[in-house]
Amino acid sequence: MFKLDWKRLGMAAGLSLTLVAAGCGSSDEGSESSGSEGGDSTSYSEEMNYEITGIEAGAGVVKAAQTATEEYENLAGWEVATSSSGAMATALGEAIENEEPIVVTGWTPHWKFAKYDLKYLEDPKEVFGGEEQIKTMVRKGLKGDKPNAYKVLDQFNWTAKDMETVMLDINKGTSEQEAAQKWIENNQDKVDEWTKGTEKVDGTEVELVYVNWDSEIASTNVVAEVLKQQGFEVTITPLDNGPMWEAVAEGEVAGMVAAWLPGTHGDLYKQHKDNLEDLGANLEGAKIGLVVPKYMDVESIEDLKPAE
Ligand code: PBE
């Protein structure tokens, strides 16, 4: 998990981190590797080793970042390092702690914007698209087989702020399930809208799939807890992005609440749309892009410098 990070920071930076943490950060080599050189995006780009810190290889935002390295001439020689959302968050936190430059594949809603001062880099070529919706997809036939589960999934919708509340709680150490239950308790009026017109069941099985992205961990756990309260026996299964879409399209599971459209998962939607049912948006105003700490003096993707 830390591999990517150490490769990027190198041994000297690792050492200076230890010294600073121990409170004796004399001017050893490496301690000047912070962003204090300010404004010089050549040194930023070099310090970052011409690497965008990505997440899971199958994520839409990673694909978009790879496209960006092709579309933007100034990103010649750049690479998108793939890992996991957790590793990206760790790398981001460590870079910020040391005031070092970092570019990550980012998205909103996400707790990182509440925890750190971050900004999206402008994307004049619009490789990352505009505003996104998060949509709910279910398998064909669910309406007939499990009408109550179908209706709850169909009526599920909330705001970016709601989702962030759950995400932040999990980030602070509350378990995923508990954070979901807490949000439900505090938002019973919203939950009542989702269950409106449905009947409780007695142990009907429902399986939902998702990807281990912080945003989808939050939404999927909340929906799962609501379904459990309605009497369902719920399983939630984390998969990669492609397999998540396939599981719904092949009718193996009830559905998912993690479809980012029109851009992020546009190719997957096109591939599977005839084999699943689109229940519409459950959240408006989502976004993906390249994200940097505010202390970095770069505003646009075009401010980054090509590898020599
Ligand atoms: N994300 C979060 C996903 C969708 C949800 C932006 C990391 C992606 O890029 O596919």
Side-chain angles (χ1 to χ4, degrees), residues 4 52-69 80-92 102-115 118 120-121 123 126-137 156-164 166-168 170-171 176 208-223 236-249 255-273 278 281-292 301:
L4 164 113
I52 295 166
T53 302
I55 55 166
E56 290 81 0
V61 72
V62 166
K63 264 184 229 159
Q66 279 156 349
T67 306
T69 63
V80 184
T82 54
S83 55
S84 68
S85 303
M88 177 277 287
T90 303
L92 180 65
I102 186 167
V103 179
V104 302
T105 57
W107 67 98
T108 314
H110 196 284
W111 55 262
K112 61 185 175 283
F113 292 95
K115 188 161 174 177
L118 302 172
Y120 278 98
L121 291 181
D123 173 25
E126 295 179 1
V127 171
F128 291 90
E131 196 177 298
E132 296 274 284
Q133 292 181 326
I134 308 179
K135 300 178 85 178
T136 303
M137 303 286 154
F156 164 60
N157 77 93
W158 61 348
T159 65
K161 197 147 191 290
D162 293 326
M163 187 188 246
E164 270 160 7
V166 180
M167 264 191 277
L168 261 176
I170 296 169
N171 178 252
E176 294 164 5
L208 301 175
V209 280
Y210 67 114
V211 184
N212 263 325
W213 298 314
D214 305 77
S215 36
E216 279 51 43
I217 290 170
S219 54
T220 308
N221 273 278
V222 166
V223 173
I236 62 170
T237 308
L239 297 173
D240 281 333
N241 196 15
M244 169 179 77
W245 280 82
E246 274 158 33
V248 181
M256 52 99 157
V257 295
W260 281 54
L261 293 164
T264 313
H265 298 161
D267 50 347
L268 288 159
Y269 181 68
K270 213 162 125 195
Q271 190 184 336
H272 295 296
K273 69 177 186 330
D278 179 351
N282 60 56
L283 185 147
E284 304 276 353
K287 179 177 167 59
I288 63 168
L290 293 184
V291 170
V292 301
I301 295 173

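Start at 1 with the first residue, then count along the sequence. Fair warning: this is a prediction, and the values are worked out from it, not measured in the lab. We count ligands from 1, going down the list as the structure has it; atoms in each ligand are counted the same way.
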N/O pairs closer than 3.5 Å, ligand 1 and protein:
residue	atom	partner	partner atom	Å
ligand 1	9 (O)	G60	N	3.2
ligand 1	9 (O)	V61	N	2.8
ligand 1	10 (O)	G60	N	2.7
ligand 1	10 (O)	H265	NE2	2.7

When you measure from the centre of the six-membered ring of W107, is the NZ or CZ of K112 under 6.0 Å away and within 45° of the axis? yes
Using modelled atom types and a 3.5 Å cut-off, is there a donor and acceptor pairing between side-chain atoms of D123 and backbone atoms of F128? yes
Suppose the criterion is salt bridge (Lys or Arg N to Asp or Glu O under 4.0 Å): which pairs have a residue in residues 56-69, not counting sequence neighbours? K63-D267
What do the steps show when you test S85 against D214 for side chain to side chain contact (heavy atoms under 4.5 Å, CB included), and what is the final call? CA-CA 8 Å; S85 303; D214 305 77; 4.0 Å; yes
Going by distance alone, is a donor N or O of one side chain under 3.5 Å from an acceptor N or O of the other, for D278 and Y269? yes
Under the side chain to side chain contact (heavy atoms under 4.5 Å, CB included) criterion, do Y120 and T108 qualify, and how do the steps go? CA-CA 10 Å; Y120 278 98; T108 314; 2.4 Å; yes
